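Notes follow once the structure below has been shown.
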Amino acid sequence: AQRVTQPEKLLSVFKGAPVELKCNYSYSGSPELFWYVQYSRQRLQLLLRHISRESIKGFTADLNKGETSFHLKKPFAQEEDSAMYYCALDYGNNRLAFGKGNQVVVIP
Amino acid sequence: NAGVTQTPKFQVLKTGQSMTLQCAQDMNHNSMYWYRQDPGMGLRLIYYSASEGTTDKGEVPNGYNVSRLNKREFSLRLESAAPSQTSVYFCASSEGTYLHFGNGTRLTVT
């Protein structure tokens, strides 16, 4: 069965410091991975997906099939990055398996 | 453009009561989903509908039923609410590669 693991629940970083959120997955098929973000009092929204290989709000994520990972990185954290981040795996018909999420707090 | 709209936003039920959570999307998407979000558990898929007229179970369907009323609407029903169903419920829709979520319904069962 598919599984997404995000090991840290809470991550506190200082403004300007690098951020890395870890995501590992297990899936027998060809993986399609996403990062979703939920800012305070806003709906869950797509941050980025591995297929597009783009940088959104300074965040990047690279799919590493050998390590079955899709870690999210940003070199310099900003206060507006404080949010809940979820890694997700599409296991067919756009059904998503989510990790447990990371609460990121950026300290001014 | 409202996107995905869920009603109600908040609800308190007593054990054994029933209710229906409503969801509507105005993006003409074929697929719709119901997830529940619990602290420390992430989001888990309850039911989904790949197209109008079809519904399928997700990871945690027990205690729930769904209806895909038409292309726009996908409702979730709790026939006999239990405290274990206290959660935040999210509806989503998609046409392609990613999901659009509603604002959620916070349900408390006492």
Side-chain angles (χ1 to χ4, degrees), chain A residues 1-11 21-27 30-54 56 61 63 70 72 83-104, chain B residues 1-7 9-10 23-27 29-61 66 68 74 87-106:
Chain A
Q2 63 283 343
R3 187 184 185 104
V4 177
T5 304
Q6 294 178 251
E8 300 100 2
K9 286 187 181 179
L10 175 65
L11 190 67
L21 303 181
K22 296 188 185 300
C23 173
N24 288 90
Y25 67 91
S26 65
Y27 182 53
S30 181
E32 187 168 349
L33 286 138
F34 305 82
W35 278 97
Y36 281 79
V37 60
Q38 190 172 28
Y39 300 104
S40 178
R41 292 185 292 279
Q42 294 187 28
R43 64 185 69 196
L44 195 63
Q45 58 188 283
L46 177 71
L47 179 61
L48 54 80
R49 47 189 163 170
H50 91 269
I51 277 183
S52 57
R53 300 185 64 83
E54 57 197 345
I56 303 292
L63 177 61
F70 189 57
L72 183 69
M84 193 76 179
Y85 292 81
Y86 291 97
C87 183
L89 166 73
D90 185 333
Y91 60 100
N93 284 332
N94 291 333
R95 293 172 297 169
L96 297 182
F98 285 85
K100 294 182 179 181
N102 294 124
Q103 181 72 49
V104 172
Chain B
N1 189 343
V4 179
T5 303
Q6 292 182 234
T7 56
K9 292 184 179 179
F10 301 95
C23 175
Q25 52 94 6
D26 60 4
M27 295 172 283
H29 287 169
N30 277 314
S31 302
M32 297 186 73
Y33 311 80
W34 277 105
Y35 285 85
R36 59 178 288 174
Q37 182 186 42
D38 300 293
M41 298 291 290
L43 283 83
R44 293 178 292 170
L45 182 64
I46 305 171
Y47 269 93
Y48 71 103
S49 171
S51 61
E52 184 180 354
T54 69
T55 61
D56 285 289
K57 295 178 180 179
E59 301 171 66
V60 288
V66 289
R68 184 72 182 268
F74 188 39
S87 188
V88 180
Y89 291 85
F90 287 99
C91 178
S93 69
S94 75
E95 187 70 50
T97 56
Y98 68 93
L99 270 60
H100 300 256
F101 284 87
N103 278 322
T105 295
R106 186 174 294 275

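Everything numeric here is computed off the predicted structure, so don't read it as measured data. Chain A is the first sequence line, chain B the second, and so forth, proteins listed ahead of strands; every chain is numbered from 1.
- Of all non-hydrogen atoms in B:F90 and B:G102, the two that sit nearest each other are CD2-O, 3.5 Å.
- A donor-acceptor pair is defined here as one N or O able to donate and one able to accept, closer than 3.5 Å; no such pair exists between the side chain of B:Q25 and the backbone of B:N30.
- The interface of residues 45-60 of chain B with chain A, defined by heavy-atom distances below 4.5 Å, comprises B:L45, B:Y48, B:E59.
- Among the candidates B:R44, B:H100, B:Q37, the residue making the largest number of heavy-atom pairs closer than 4.5 Å to chain A is B:Q37.
- Between A:H50 and A:P31 the shortest heavy-atom distance is CE1-O, 3.2 Å.
- For B:W34 (side chain) and B:F74 (main-chain N/O), a donor-acceptor pair under 3.5 Å exists by modelled atom type.
- Judged by distance alone, with hydrogens and angles left aside, the side-chain atoms of A:R43 form a donor-acceptor pair with the main-chain N or O of B:V4 at under 3.5 Å.
- In this structure, chain B has a heavy atom under 4.5 Å from the side chain of A:Q38, while its backbone stays farther away.
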Q: Would you please test A:L72 and A:L48 for side-chain contact (heavy atoms from CB on, under 4.5 Å) and show each step?
A: CA-CA 9 Å; A:L72 183 69; A:L48 54 80; 4.0 Å; yes

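- The two residues A:C87 and A:F70 have their closest heavy-atom pair at SG-CD2, 4.3 Å.
- Between B:F101 and A:Y36, the ring centre distance stays below 6.0 Å.
- Formation of a donor-acceptor pair under 3.5 Å by the A:Q6 side chain with backbone atoms of A:G101 is found in this model.
- Atom-to-atom distance recorded for A:C23:SG and A:Y25:OH is 9.0 Å, nearest 0.5 angstrom.
- Here the closest heavy-atom approach between residue B:D26 and residue B:G3 is recorded as OD1-N, 3.0 Å.
- If you measure heavy-atom distances from B:Y98 to chain A, the contacts under 4.5 Å come from both the backbone and the side chain.
- Contacts of residues 90-100 of chain A with chain B at a heavy-atom distance below 4.5 Å involve A:Y91, A:N93, A:N94, A:R95, A:L96, A:F98, A:G99, A:K100, listed in sequence order.
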